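Only one structure is covered here, and it is reproduced in the block below.
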Amino acid sequence: MALMIYDTRRKQKVAFKPINSGNISMYVCGVTVYDLCHLGHARCYVAFDVIHRWLESSGYDVNYIQNFTDIDDKIILRANEKGVDFLELVEENINAYFEDMDALNILRADQYPRCTEYVEQMISITEDLIAKNHAYVTNDGVYFHVESAPEKYGVLTGQNIDAVLGGAGGRVSKTGEGKRDHKDFALWKLAKKGEPSWPSPWGDGRPGWHIECTAMSMDHLGEQFDIHGGGHDLRFPHHEAEIFQGECHTGKSPVVNYWLHNGFVNMDGEKMSKSLGNFWTIRDIIAKIDPLVLRFALINAQYRSPIDMNEKLLHDAEKNHQKLLDSYKLALDSWDNIEENKLRRLPEPNLSSSEPLSHSLGLIEKFAEEFALAMDDDFNTRVAVTKTMSIVREVNRLLNSDLDEEDCKSVGFFAVELFEQQAGKVLGLLPTREQISIMNEESIEVKMRKEEISDEVEELLNQRTKARDEKNWSEADQIRDKLTEMGVVVTDTAEGPVWDLS
RNA sequence: GCACGGAUAGCAAAGCUUGGCCAUGCCGGGGAUUGCAAAUCCUCUUACCUGGGUUCAAAUCCCAGUCCGUGCUCCA
């Protein structure tokens, strides 16, 4: 079994080989912290979280770096609008970022460097690029000269070096007054009056956007590293700029072995964006639905495919996720926390066995193997999820069949282990056992309400049971309707009726 | 204009590199279980954008075309 990864630079799936066997260096472009995160950010960081989790599960030690862009035009603008210092705005949004990502069950990266902490390194790289004639100084800053390394143009997007101007029209010349060529990009911007700035050999100013990721990734991961990720839109110009800067600075190529880019979230077929006003913040959504349901919806697609977000998609995700959760809970209940060495040994999983239990276990084992194959095939979470759902079906079938109690406990244990490994540890879709027991515990308000109506409900249920014993179905249903009006759901079980608040 | 990606059943979406079997879930129909519900399981209908070609065999390969999205400007 070998991990294959789609590399944007080579435009194909290639076998994955880390620079240092056993260790993986991974850098993912973080957010510019001028506002709350929206669904697009959620998609990106959930995608790379699953990649992170799968690499760790495969036995690699991953050094995962994700930056914060804590200075740029939008931050300055927003801070001015709000009348606060830009650092205050940055701090606020970083805190909000972690709250959102924690809710989505995203594991923390190893480091979260902020670009303002790397100004020194950025200046040093810029100086070197000037010395090597890859960059030049103008009256408004320092620019990278793209024509100084034409062979690196378009390596991620396949764009022709001369063709870009045509489509971009007049727009490209609007920024960077001092540029010699429309393709060049800023390494250092001299400050305008009142803007936050840092001293540099070229005057007070701030770094260009692209140089920060080069400085931070190089500082943490070295001059060449394994994986660099980010949104699809960052391929150009951001990541191509990083290739120019990094490779011209170090003279080594490639700076990154595997470029990974996640697909976008669309709304009704159009890209979700702030300018179109068709975006949902993470908060908007998780106020209404379980964050793990949102996570399910985002994982229920291969990371490179676009996702068209809508209510139906969330509804499907909710149904699926609930089904998974119910099956996991059923397995937990069936297992009943019996110590492993006290469980009866299950028969060997064997697909070709005529013995039903052995055959079922064989089927589950096959799905579990296919799950791993899917994850190894460029992190195909969509297929991994379908394999999980197939396991759900098989586990439900087994645990609802006429297994004897001892087998039931063992199968429950087997299923719990598998769910927790794949749906839990790898996909991050399961709450912890503690969270489940808290979910099962009722809040004070619920308890009080139940206490309040308990006598009345019990009385009605007795009447209903009596009516049912007499096969007086219409009265039984009338009583249930009455209970429904009170907000009470009745479920008939083999042990008699059970009720709960709806 | 140039570049990149896409078009699969009522809906969402895998499969395409390495041609032949099967996705998966939601919605809907039928059934088992239940007095009826809920949950669970079984089962069914409806597919591979169009036109050619290659092949015993094409969703998959080749050629041509149509439509859609994204990037080329701050973006995950």
Side-chain angles (χ1 to χ4, degrees), chain A residues 4 6 8 11-13 28-32 34 37-48 69 72-74 77 154 156-160 162-175 182-183 209 229-238 240 261-266 269-275 297 300-302 304-308 310 312-313 315-320 322-323 326-327 330 370 374 377 380-390 392-401 467-468 471-474 476-477 480 484 489-494 498:
Chain A
M4 301 288 283
Y6 183 89
T8 307
K11 294 189 183 63
Q12 59 180 328
K13 281 183 203 168
V28 173
C29 285
V31 283
T32 301
Y34 73 104
C37 287
H38 59 67
L39 259 188
H41 300 109
R43 208 269 163 104
C44 177
Y45 301 113
V46 165
F48 285 101
T69 297
D72 93 318
D73 292 339
K74 290 190 295 294
L77 193 72
L156 295 182
T157 54
Q159 298 185 100
N160 183 294
D162 296 313
V164 171
L165 193 57
R171 292 171 297 183
V172 278
S173 57
K174 281 179 190 162
T175 48
H182 73 274
K183 298 186 290 292
W209 175 39
H232 191 250
D233 53 337
L234 296 183
R235 294 175 312 151
F236 185 94
H238 187 55
E240 288 196 2
H261 294 99
N262 67 275
F264 267 128
V265 177
N266 298 325
E270 276 189 316
K271 175 184 168 181
M272 174 178 294
S273 80
K274 300 211 168 178
S275 54
N300 204 206
Q302 211 273 344
R304 283 185 285 120
S305 311
I307 294 179
D308 198 11
N310 53 55
K312 168 76 164 62
L313 198 77
H315 168 261
D316 285 4
E318 192 162 28
K319 285 273 196 176
N320 273 289
Q322 192 59 50
K323 205 167 173 159
D326 286 346
S327 188
L330 177 65
E370 287 170 347
D377 184 14
N380 196 331
T381 51
R382 171 67 199 191
V383 170
V385 165
T386 69
K387 297 305 170 188
T388 301
M389 296 315 289
S390 296
V392 163
R393 192 183 55 213
E394 205 53 34
V395 166
N396 285 341
R397 181 159 44 197
L398 267 180
L399 294 178
N400 286 313
S401 69
R468 292 181 74 213
K471 299 201 191 299
N472 187 346
W473 309 128
S474 66
D477 287 345
R480 185 164 57 191
T484 305
V489 186
V490 181
T491 310
D492 293 316
T493 71
V498 174

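Being a predicted model, the structure only gives us computed values, none of them experimental. Here is how names work: the chains are called A, B, and so on, in the same order as the sequence lines, proteins then strands, and each is numbered from 1.
- With rounding to the nearest 0.5 angstrom, the SG atom of A:C44 is 7.5 Å from the CG atom of A:L234.
- Nucleotides B:G65 and B:G29, compared at atom C1', are 39 Å apart to the nearest Å.
- With sequence neighbours excluded, the residues satisfying side-chain contact (heavy atoms from CB on, under 4.5 Å) with A:T157 are A:Q159, A:R235, A:F236, A:E240.
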Which nucleotides of RNA chain B pair, in dot-bracket form (Watson-Crick or G-U under 3.5 Å, | meaning another strand): (((((((..(((.......[...))).(((((.......)))))....(((((..]....))))))))))))....
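- With rounding to the nearest 0.5 Å, the separation of CG in A:N262 from OG in A:S305 is 11.0 Å.
- Partners of A:D308 under the side-chain contact (heavy atoms from CB on, under 4.5 Å) rule, at least two apart in sequence or in another chain, are A:N266.
- Separation of atoms CG (A:L156) and NE2 (A:H261) is listed at 6.0 Å; rounding is to 0.5 Å.
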Sugar-phosphate means primed atoms, P, OP1 and OP2; the rest is base. With that split, encode nucleotides 34-41 of chain B 5' to 3' as B, S or - using protein heavy atoms under 4.0 Å. -BBBB-SS
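- A cation-pi arrangement is not found for A:R43 relative to A:F264, the charged atom failing to lie both closer than 6.0 Å to the ring centre and inside a 45° cone about the ring normal.
- In this structure, A:N320 reaches the sugar-phosphate backbone alone: every heavy-atom distance under 4.0 Å involves primed, P, OP1 or OP2 atoms, never a base.
- With rounding to the nearest 0.5 Å, the separation of SG in A:C29 from CZ in A:F48 is 9.0 Å.
- Rounded to the nearest Å, the gap between the P atom of B:G52 and that of B:A13 is 29 Å.
- In this structure, the side-chain contact (heavy atoms from CB on, under 4.5 Å) partners of A:K319, at least two apart in sequence or on a different chain, are A:H315.
- Rounded to an integer number of Å, the gap from NE2 of A:H238 to P of B:A76 is 10 Å.
- Within the nucleic acid shown, A:V265 comes within 4.0 Å of at least one base atom, counting heavy atoms only.
- A:M272 comes within 4.0 angstrom of a nucleotide base, judged by non-hydrogen atoms across all strands.
- Side-chain contact check for A:L330 versus A:N396: some heavy-atom pair is nearer than 4.5 Å.
- Nucleic acid contact for A:G229: none, since no nucleic acid atom lies under 4.0 Å from a heavy atom of the residue.
- Between B:U60 and B:A47, the two C1' atoms lie 14 Å apart (nearest whole Å).
- Once rounded to the nearest 0.5 Å, the distance linking OG1 of A:T491 with CZ of A:R480 reads 9.0 Å.
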Per-nucleotide protein contact string for nucleotides 3-16 of chain B (B base, S sugar-phosphate only, - none; heavy atom under 4.0 Å): SS------BBSSS-
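- Between B:G71 and B:C62, the distance separating the two P atoms is 28 Å to the nearest Å.
- A:D233 places its CG atom 12 Å from the P atom of B:U70, with the value rounded to the nearest Å.
- Residue A:K271 contributes atom NZ, which lies 14 Å from atom P of B:G69 at whole-angstrom precision.
- Comparing B:C67 with B:C74, their P atoms sit 31 Å apart, to the nearest whole Å.
- Nucleotides B:G30 and B:G19 have their C1' atoms positioned 36 Å apart, rounded to a whole Å.
- Within the 4.0 angstrom heavy-atom criterion, no nucleotide atom of any strand lies near A:F48.
- Taking the C1' atoms as reference points, B:C26 lies 16 Å from B:U45, given to the whole Å.
- Among all heavy-atom pairs drawn from A:S327 and A:V395, the shortest one is OG-CG1, 3.8 Å.
- In this structure, A:K74 satisfies the cation-pi test against A:Y34, with its NZ or CZ atom closer than 6.0 Å to the six-membered ring centre and inside 45 degrees of the ring normal.
- For B:C63 and B:G5, the P atoms lie 15 Å apart once the distance is rounded to whole Å.
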